[in-house]
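Per chain, numbering begins at 1; letters A, B, ... match sequence-line order.
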Amino acid sequence: MNEELHERVRELVAAVPPGKVATYGDIAALAGASTPRLVGRVLSEDGLDLPWHRILRANGTPAPHLARRQLELLRAEGVLADGKKVNLRTYRWRSNSG
DNA sequence: GCGGTGACGCGGC
DNA sequence: AGCCGCGCCACCG
């Protein structure tokens, strides 16, 4: 595995500011990963020391097994969710042109 | 090398 | 609103 890529992901995830969120696809693209799945894999290994809760799926929903946790932590940062979905148009880190 | 798996994402029905 | 298939790729048995 490319440890550089691994670091890139960590850096990017850590770069997401409080009150904002990013998608796996965004992180993957910025990190240069060929697939967003790699992002999830990295977080599953070292996400413990990262603001992993700021990473959402492309539709604004968190991962099912972390959904409750995700939304709870985001809520503490001011990121409100509609049920299980977060309005990326409002909270997405950069690229929120719309 | 092969098949199954998974913090994903898009298209089709 | 749910279900399926494909692409993608490292990890595991």
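For the side-chain contact (heavy atoms from CB on, under 4.5 Å) test with Val39(A), the passing option among Leu43(A), Val42(A), Thr35(A) is Leu43(A); the others fail.
Distance Arg54(A) CZ to dA7(B) P: 22 Å, rounded to the nearest Å. The CG-C1' distance, from Asn59(A) to dG2(C), rounds to 14 Å in whole Å. As a whole-Å value, the separation of Leu48(A) CG from dA7(B) P is 14 Å. Note: CG (Leu88(A)) to C1' (dC8(B)) measures 14 Å, nearest angstrom. Rounded to an integer number of Å, the gap from Asp46(A) CG to dA10(C) P is 17 Å. The nearest whole Å value for the distance from the NE2 atom in His6(A) to the C1' atom in dA10(C) is 13 Å. The distance from atom CZ of Arg37(A) to atom P of dG9(B) is 10 Å, rounded to the nearest whole Å. Remark: P of dA7(B) and CD1 of Ile27(A) are 18 Å apart, rounded to the nearest angstrom.
Searching all strands for a Watson-Crick or G-U wobble partner of dC10(B) with both distances below 3.5 Å returns dG5(C).
Nearest nucleotide to the side chain of Pro36(A), out of dG9(B), dA7(B), dC9(C): dG9(B). Checking dG9(B), dC8(C), dA7(B) against the side-chain heavy atoms of Leu66(A) singles out dA7(B) as nearest. Set against dA7(B), dC10(B), dC9(C), the side chain of Ala58(A) has dC10(B) as its closest nucleotide. Considering only the side chain of Ala63(A), dA7(B) comes nearest among dC8(C), dA7(B), dG9(B).
Using a 4.0 Å cut-off between a side-chain N of Lys or Arg and a carboxylate O of Asp or Glu, Asp26(A) and Arg92(A) qualify as a salt bridge. Between Glu77(A) and Lys20(A) there is no salt bridge, since none of the side-chain N atoms of the basic residue sits less than 4.0 Å from a carboxylate O of the acidic one.
Under the 3.5 Å distance criterion, the side-chain polar atoms of Asn87(A) are matched with a main-chain donor or acceptor of Arg89(A).
At the heavy-atom level, Arg41(A) lies under 4.0 Å from base atoms of the strands shown.
Cluster annotation: Leu71(A) is connected to Leu88(A) through the hydrophobic network of ILVMFWY side chains, with a link wherever side-chain heavy atoms come within less than 4.5 Å.
Between Ser34(A) and dC8(C) there is no side-chain N or O to OP1 or OP2 distance below 4.0 Å.
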